[in-house]
Amino acid sequence: QVRLVESGGGLVQAGGSLRLSCAAAGRTFSTYAIGWFRQAPGKEREFLAQITTWGGALVYYADSVKGRFIISRDNVNNTVSLQMASLKPEDTAVYSCGATSTFPARSDNDYTFWGQGTQVTVSS
């Protein structure tokens, strides 16, 4: 199993940028694909992006964020980042990362391990 910890959330003005990090503890980082999700109050958890940690870095984006968000990995430090740009108030949510052995995977049912999330608030 892998312990995931998100960081980088905070308050940002609309149009601004924010970079989130998902740090994995353990020695099995390369066996999982990491996905970013978010959940706003009253809404279901929404898939954002996924990246493989094995071999080449394959990426998979939700249409809603493609072009604004960029997912990347750092295998040396066992981290996956989500660079978010052109943020909107509707991006306000708790952002979480999850680990799965499946790629591509946009359903949260495919993810076995989760971080506790980091709050992103975008003001207008």
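Position 1 is the first residue of the sequence, and the numbers go up from there. Just the heavy atoms: all of them, side chains too, but no hydrogens, waters or symmetry mates, feed the values below. Since this is a predicted model, take the numbers as computed values, not measurements.
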Determine whether a donor-acceptor pair (N or O, by modelled atom type, separation under 3.5 Å) exists between the side chain of [X] and the backbone of [Y].
X: T52; Y: L58; answer: yes
X: T100; Y: D110; answer: yes
X: D74; Y: V76; answer: yes

Which atoms form the tightest heavy-atom contact between [X] and [Y], and what is the distance?
X: A49; Y: Y61; answer: CB-CD2, 3.6 Å
X: A57; Y: I51; answer: CB-CD1, 4.0 Å
X: I71; Y: I34; answer: CD1-O, 3.9 Å
X: Q119; Y: T92; answer: NE2-CG2, 3.9 Å
X: F103; Y: Q50; answer: CD1-OE1, 3.2 Å
X: V94; Y: G117; answer: CG1-CA, 3.9 Å

Mind checking whether F69 and Y95 have parallel, tilted or perpendicular rings, split at 30° and 60°?
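The arrangement is tilted - the two ring planes meet at 30° to 60°.
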
[Y] and [X], any side-chain heavy atoms less than 4.5 Å apart:
X: S72; Y: R19; result: yes
X: V80; Y: W36; result: yes
X: T118; Y: S7; result: no
X: L87; Y: L18; result: yes
X: D108; Y: F47; result: no
X: Q83; Y: S17; result: yes
X: R38; Y: D91; result: yes

Polar side chain donor-acceptor pair, S64 to E46, under 3.5 angstrom:
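Note: S64 and E46 side chains meet the donor-acceptor criterion.
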
Is L20 reachable from I70 through a run of hydrophobic residues whose side-chain heavy atoms are each under 4.5 Å from the next?
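I70 and L20: one cluster.
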
Are L11 and M84 linked, directly or through intermediate hydrophobic residues, by side-chain heavy-atom contacts shorter than 4.5 Å (ILVMFWY only)?
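In one cluster with M84: L11, no.
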
Can you tell me how far [atom2] of [Y] sits from [atom1] of [X], rounded to the nearest 0.5 angstrom?
X: N78; Y: L4; atom1: CG; atom2: CG; result: 10.5 Å
X: L82; Y: L48; atom1: CG; atom2: CG; result: 6.5 Å
X: C97; Y: E6; atom1: SG; atom2: CD; result: 4.0 Å
X: S101; Y: Y32; atom1: OG; atom2: OH; result: 7.5 Å

So is R45 actually on top of W114's ring, under 6.0 Å and inside 45° of the axis?
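Yes, R45 sits over the ring of W114.
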
